[in-house]
Amino acid sequence: MKNTSKIDYNLALILLLLFLASCIAIYSAQSSGQYQGNFLVKQILWYAVGSGIIAAVVSLDSDQLKKITWYAYGFGVFLLILLIIAPESIAPRINGAKSWFKVPGIGSLQPSEFIKVFIILALSKLIWDHHQKYPVKTIGTDFVLLVKLAAVTFVPLVLVMQQPDLGTSLVFIAILVGMIFISGITWKLLVPIFAGGLSLAAAILYFVLWKPELLEKYLGVQPYQFGRIYSWLDPYNYQSSTGFQLTRSLLAIGSGQTEGKGFGKLQVYLPESHTDFIFAVVGEQFGFVGASILISLFFLLIYHITKVGMETKNNYYTYLCVGVISMITFHVFQNIGMTIGLLPITGIPLPFVSYGGSSLMGNMLAIALIFSIRYHYKKYMFSTKE
């Protein structure tokens, strides 16, 4: 038996580079004069807390992770329920969403950022336990697994939709889809289900664009709720209202051109540039070159996690890797996509780069699982077991 290094230095290096990118972007964003407070110092502190989370989780092996899974999941669901029933003095409504607890000495805490990781743990354990119980696959056993995966995701999904938080809800769905694909469920079940889902999404988009009055009449959809779709498709026609953020983001990124305006030279006013629209800050300062480097870091991160998942012989660890990949990939694609007008704005931060304690700690908790996998990884010379 040959042990590999217990510390994943390559992953640590990628995180360090993302940390530096976050510090540079946040420092520039807060220097624009539209914010009060030092977000850079707070972000560094959150990274320190996240490093502590990694140190605490890395020693947990697969058996220990499985034991705490349902406790973590149940605690996360409890927090989401408490968030709904808590008075606004404890859980204030911010920008129309009741998604945060007010914590003295810390600020705000968003439970949904942690429940993402708890869902990954729960779905991974469900798939692992199911295959242990049913070593011989049939359409019936696959259908049972599909129902269990959907049910575990559905509970927190409904609670988050009550806040309402569309962005996080979509992340839950992305994680579920990724886990379904790795679970081994037969395509005879998946093809009609996903075909039906795509057809439903296309039908909803059709009614939003050409028959909105029917959605208002029969589903109770309010006219203002269509604004996000309309401003996405034609932002300049709504630039004084719902399209303002997107048009400013496009202007900031476009004005950066190839090499950018230079560090600290932000000229385009863009609200929330230190959080959800941090990519626009990078694009304006460092242009196409800087934005490409940042995107390449995320490619390296996803590639590295994929490599970890493929190298391990423990299927449970592979499921965890797929869940983390699904979460991070969707976050990156959605965040960058909305800043360049490719996707509607949903308020999803850019992982490890956007300012935000809850988001960063949730992502660090997910990465802690990858560190744990490599920490307990053993390479056997003559065996396929781990």
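Position 1 is the first residue of the sequence; numbering continues from there.
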Nearest 0.5 Å please: distance from the [atom1] atom of [X] over to the [atom2] atom of [Y].
X      : Y      : atom1 : atom2 : value
Ile14  : Ser296 : CD1   : OG    : 11.5 Å
His274 : Ser22  : NE2   : OG    : 11.0 Å
Leu157 : Leu170 : CG    : CG    : 9.0 Å
Phe263 : Phe286 : CZ    : CZ    : 6.0 Å
Asp129 : Ile127 : CG    : CD1   : 10.5 Å
Phe371 : Ile54  : CZ    : CD1   : 5.0 Å

Using only atom types and a distance under 3.5 Å, with no angle test, would you say the side chain of [X] pairs donor to acceptor with the backbone of [Y]?
X      : Y      : result
Trp232 : Gly341 : yes
Gln30  : Asn38  : no
Thr312 : Tyr317 : no
Thr329 : Ser326 : no
Gln43  : Ser354 : yes
His331 : Pro349 : yes
His130 : Thr141 : yes
Tyr73  : Val152 : yes

Item to complete: Kindly determine whether Met179 and Ser124 satisfy side-chain contact (heavy atoms from CB on, under 4.5 Å), including the steps that lead there.
Response: CA-CA 8 Å; Met179 300 301 283; Ser124 298; 3.2 Å; yes

Of all the heavy-atom pairs spanning [X] and [Y], show the shortest one and how long it is.
X      : Y      : answer
Leu18  : Leu301 : CD1-CD2, 4.2 Å
Cys321 : Ile373 : SG-CD1, 3.6 Å
Ser28  : Val281 : CB-CG1, 4.2 Å
Phe352 : Met364 : CE2-SD, 4.0 Å
Asn335 : Phe279 : OD1-CB, 4.2 Å
Pro156 : Phe172 : O-CE1, 3.7 Å

Is it the case that more than 12 heavy atoms not belonging to [X] sit under 6.0 Å from its [atom1] atom?
X      : atom1 : value
Lys102 : NZ    : no
Phe143 : CZ    : no
Phe194 : CZ    : yes
Gln64  : CD    : yes

Side-chain heavy atoms of [X] within contact of [Y], under 4.5 Å:
X      : Y      : answer
Leu40  : Cys23  : yes
Pro271 : Tyr269 : yes
Leu350 : Thr339 : no
Ile26  : Ile278 : yes
Phe78  : Ile81  : no
Phe330 : Ile175 : no
Arg374 : Leu11  : no
Phe333 : Leu342 : yes

Worksheet item: Are Glu284 and Arg248 ion-paired here, with the side-chain N under 4.0 Å from a carboxylate O?
Response: no

Worksheet entry | Within residues 167-185 or reaching into it, pairs that qualify as side chain to side chain donor-acceptor pair (under 3.5 Å) - sequence neighbours excluded | Asp165-Thr168

Discussion item. List the residues meeting side chain to side chain contact (heavy atoms under 4.5 Å, CB included) with Asp142, not counting sequence neighbours, and say none if there are none.
Written reply: Lys137, Ile185, Thr186, Leu189

Discussion item. Could you tell me if Lys125 sits above the aromatic ring of Tyr316, with its cationic atom closer than 6.0 Å to the ring centre and no more than 45 degrees from the axis?
Written reply: no

Do [X] and [Y] have side-chain atoms, one donor and one acceptor, less than 3.5 Å apart?
X      : Y      : value
His304 : Asp8   : yes
Ser359 : Gln110 : no
Gln334 : Thr346 : yes

Practice prompt. Determine, stepwise, if the pair Trp70 / Leu121 fulfils side-chain contact (heavy atoms from CB on, under 4.5 Å).
Written response: CA-CA 8 Å; Trp70 294 117; Leu121 287 169; over 6 Å; no

Item to complete: If the plane angle is over 60° it's perpendicular, under 30° parallel, otherwise tilted; pick one for Tyr206 and Trp210.
Response: tilted

Item to complete: Could you check whether the rings of His131 and Tyr319 sit parallel, tilted or perpendicular, using 30° and 60° as the cut-offs?
Response: tilted

Do the side chains of [X] and [Y] join up, straight or via other hydrophobic residues, at under 4.5 Å, putting them in one cluster?
X      : Y      : result
Ile24  : Leu16  : yes
Val158 : Leu79  : no
Ile68  : Phe114 : yes
Leu369 : Met310 : no
Val144 : Leu126 : no

Practice prompt. Evaluate the side-chain contact (heavy atoms from CB on, under 4.5 Å) criterion for residues Lys313 and Thr318: first the C-alpha distance (whole Å), next the side-chain angles of each, then the deciding distance (0.1 Å), finally the verdict.
Written response: CA-CA 8 Å; Lys313 301 300 186 294; Thr318 301; over 6 Å; no

Worksheet item: Can the ring centroids of Phe19 and Tyr47 be said to lie less than 6.0 angstrom from one another?
Response: yes

Fill in: Ring centers of Phe181, Trp187 separated by less than 6.0 Å
yes

Worksheet item: Is there a side-chain contact (heavy atoms from CB on, under 4.5 Å) between Tyr355 and Lys42 once you walk through the steps?
Response: CA-CA 9 Å; Tyr355 169 78; Lys42 293 179 181 178; 3.2 Å; yes

Response to the item:
Under a side-chain separation threshold of 4.5 Å, the hydrophobic residues clustered together with Val289 are Ile293

